[in-house]
Colleague: 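I am attaching a structure below and will ask some questions about it afterwards.
Protein chains get the first letters and strands the later ones, always in sequence-line order, with residue 1 at the start of each.
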Amino acid sequence: MLLNLLHAHVSQALDAARAAGELSWETLPEIKIEVPKDTSHGDYATSVALALAKPARKAPRQIAECLLPHLQHPMFARIEIAGPGFLNFSLAWDWLRQQLRELHAADANFGQQPEADTHRYLLEYVSANPTGSLHFGHGRWAVLGDCLARIMRKAGFSVSTEFYINDTGAQIQNLGSSVKACYLGHLQSLGQNLSEDNSALLARYRAEKDATEKGPVQFYHGASVQVLAEALAAEYGLEAGDQPVSFFSDFAKARILAEQQDELEACGVRFDSWFPESRLHAEGAVAEAIETLRQAGVTYEQDGALWFRSSDYGDDKDRVLIKQGGSTTYFANDIAYHWNKLQRGFDRLINIWGADHHGYIARMQAAVQALGYGKETLEILLGQIVHLYRNGEMVRMSKRTGEMVTFGEVFEEVGKDATRYLLMQRSADTSVDFDLELAKQQNADNPVFYVQYAHARICSIFRTAQQSEVMARLAADYTSADLGQLTAPEERALILKLMAYPDEIAFAAVLRAPHRLSHYVEDLAAQFHQFYKQCRVLDEKAPALSQARLFLAESTRRVLHNALTDIFGISAPEAM
RNA sequence: GCGCCUGUAGCUCAGUGGAUAGAGCAGCGGACUUCUAAUCCGUCGGUCGCAGGUUCGACUCCUGCCAGGCGCGCCA
């Protein structure tokens, strides 16, 4: 990585200057290396001399003067002291050419970094209830989590991904009741007589569905419930009316889960594991977790409930683990789940949650600490809400009517590439307004096409080369190109941008900010388009230059392909 | 009331305490006999919500306000 390399050089120069007695300091400030906005300030720059002014009690420019003699390396063509004391690095052409060759040789592995740390990360995201289709908000977390996992792996972190299935509890019960009610309605319409209990259930279901004023909703009324009831009738016939609600909920949740899995798969989102909440209950893990907290002395009984002293760990107030009725809270179950993750050997837990769950963070982190783990063990990434629009009008979702646009419908309509790109393009901290018509119509203006077009253009150059015997020969043997032919500023800028790829990945991984890579890739595509315009690749009169440019173009294609397919999870078309 | 997020060009948004705050879209003006014009070049456009503070230096950090969103259950 280029930044690491520069960092090492600066660090060594500092040590050398100190050893020579030219500089002294108590605490060394962070060495920051950046790409200057103004190209006349070199390819990279550091402000370390400014930061060191106070600790070293010396003027910044003087400090820079001290460092200069210790910064000797063939990679530098020139190092200048500028402004208040910046060190501006200009990299040597020959060194850049050599780096380009190495980048090309690394091929698909370019950007892949060695082990970044020894932790084992578990990234949990989406984790929707199996009570209905995934909505578009889930889609944002799906894309975000998937891209983050890809980026972190590329950056050398060991990451496993998991989907937590909330397959127990009242919502599942309600789903089962709803499906049963629809099923009973079906039987009734066929002239079957219903038992007293069944009639009552059906009546309650219909009453809630037909209610005009708003109130608490118990049942599910979407069309999908009807579909589930019909599917059940098709599979089990008309004799299931006496089956308990659990029979219906088991059927429904299995179907819904399968649908969610299919949709995620179709969108290129693959989880390493699917963890059902029911397993925790079956294994007695919830009781065990509660007992562990009890023995740690962080619980107490009050008002017939068992409480966890989460306020001792920074939460606003204490939280209930076991309710008056004796059943456990969702929170208690979640504690057991997180403990389970830790017991499986993951020592870094990252969860992606919707911003509406932020009030839940403090208690969850309190629980992890109470179980004996450090504060840094659990990291929660909050994503802001996403609004769906169609022709400028917000698409409203209603739980009562079950009216909603599912994630699957959106990416079927908009396309996987554009959907994924538009969702990962924005920082998780910003709410997203996603207009379906815009996402589709945008085509030419959509940045994803801009990037893909650069890739297709490069492929096109190689196709065109086949039409001429001379060019075809050069293209076939482009790896033996004399890169010394590359001298243009556009070529240099493109190489520098390519070299930055691993640094961008590392940065995006550490910041947990996938959106940063979309900006990088757009910059890279822009840099290529400029090169394409300014530097003709195939030129019969300059075969050596043509070959060198083919080498550069192919290297660019490899990085674009790598980013599009490995990081963004979208296609890298050869023609558009 | 308390907590979290957001506030940057007409719009959508980037921006690691550093040099003259950037990009795309929209607007205006240019560039196709030449590897894909889904492209490129130029130009217009700013009180970085407001006010203080910290320092060599603040869009960035701190405090207080203003505006918008979300959340403050023995729901999940």
Colleague: Once you apply a heavy-atom cut-off of 4.0 Å, does A:Cys459 come out as touching a base, just sugar-phosphate, or nothing?
Modeller: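 Counting heavy atoms under 4.0 Å across all strands, no contact is made by A:Cys459.
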Colleague: Going by heavy atoms closer than 4.0 Å, what residues in residues 503-519 of chain A are next to RNA chain B?
Modeller: A:Phe507, A:His515, A:Arg516, A:His519
Colleague: For A:Glu490, does its backbone N or O pair with a side-chain atom of A:Gln530 as donor and acceptor, under 3.5 Å?
Modeller: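 Side chain of A:Gln530 to backbone of A:Glu490: no pair is present.
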Colleague: Distance check: side-chain N/O of A:Lys37 vs OP1/OP2 of B:A19, anything under 4.0 Å?
Modeller: yes
Colleague: Under 4.0 Å between a side-chain N or O of A:Arg536 and OP1 or OP2 of B:C35?
Modeller: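 For A:Arg536, the contact criterion (side-chain N or O under 4.0 Å from OP1 or OP2 of B:C35) is not met.
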Colleague: Just N and O in the side chain of A:Tyr450: are any of them under 4.0 Å from OP1 or OP2 of B:C40?
Modeller: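 Checking B:C40 against A:Tyr450, a side-chain N or O does come within under 4.0 Å of OP1 or OP2.
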Colleague: How many whole angstroms separate atom CZ of A:Arg61 from atom C1' of B:G18?
Modeller: 15 Å
Colleague: Under 4.0 Å, heavy atoms only, any strand: does A:Ser47 hit a base, just the sugar-phosphate, or nothing?
Modeller: base
Colleague: What orientation do A:His135 and A:His138 show, parallel under 30°, tilted 30 to 60°, or perpendicular over 60°?
Modeller: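 Ring orientation of A:His135 relative to A:His138: parallel.
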Colleague: Looking only at side-chain atoms of A:Gln530, point me to the closest of B:C4, B:C41, B:G18.
Modeller: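 It is B:C41.
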Colleague: So, is A:Lys323 near the phosphate of B:C75, with a side-chain N or O under 4.0 Å from OP1 or OP2?
Modeller: yes
Colleague: Mind checking whether A:Tyr300 and A:Trp307 have parallel, tilted or perpendicular rings, split at 30° and 60°?
Modeller: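 Ring orientation of A:Tyr300 relative to A:Trp307: parallel.
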Colleague: Whole angstroms only, please: what is the NZ-C1' distance between A:Lys54 and B:G17?
Modeller: 13 Å
Colleague: What does A:Ala305 touch in the nucleic acid at a heavy-atom separation under 4.0 angstrom: a base, only the sugar-phosphate, or nothing?
Modeller: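 Contact class for A:Ala305: base.
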Colleague: With a non-hydrogen cut-off below 4.0 angstrom, is A:Ala362 in contact with a base, only sugar-phosphate, or nothing?
Modeller: nothing
Colleague: Using a heavy-atom cut-off of under 4.0 Å over every strand shown, decide if A:Ala454 touches base, sugar-phosphate, or nothing.
Modeller: nothing
Colleague: For A:Arg463, look at atom CZ and say whether over 12 heavy atoms of other residues, nucleotides or ligands are found less than 6.0 Å away.
Modeller: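 Above 12, so yes.
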Colleague: State whether A:Arg319 and A:Asp315 are salt-bridged, where the test is any N-O pair (Lys NZ or Arg NE/NH1/NH2 against Asp/Glu carboxylate O) under 4.0 Å.
Modeller: yes
Colleague: Less than 3.5 Å between a donor and an acceptor, one on the side chain of A:Asp523 and one on the base of B:A14, is that the case here?
Modeller: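 By the distance-only test, no, there is no pair.
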Colleague: Going by centres under 5.5 angstrom and planes under 30 degrees, do the aromatic ring of A:Phe86 and the base ring of B:G18 stack?
Modeller: no
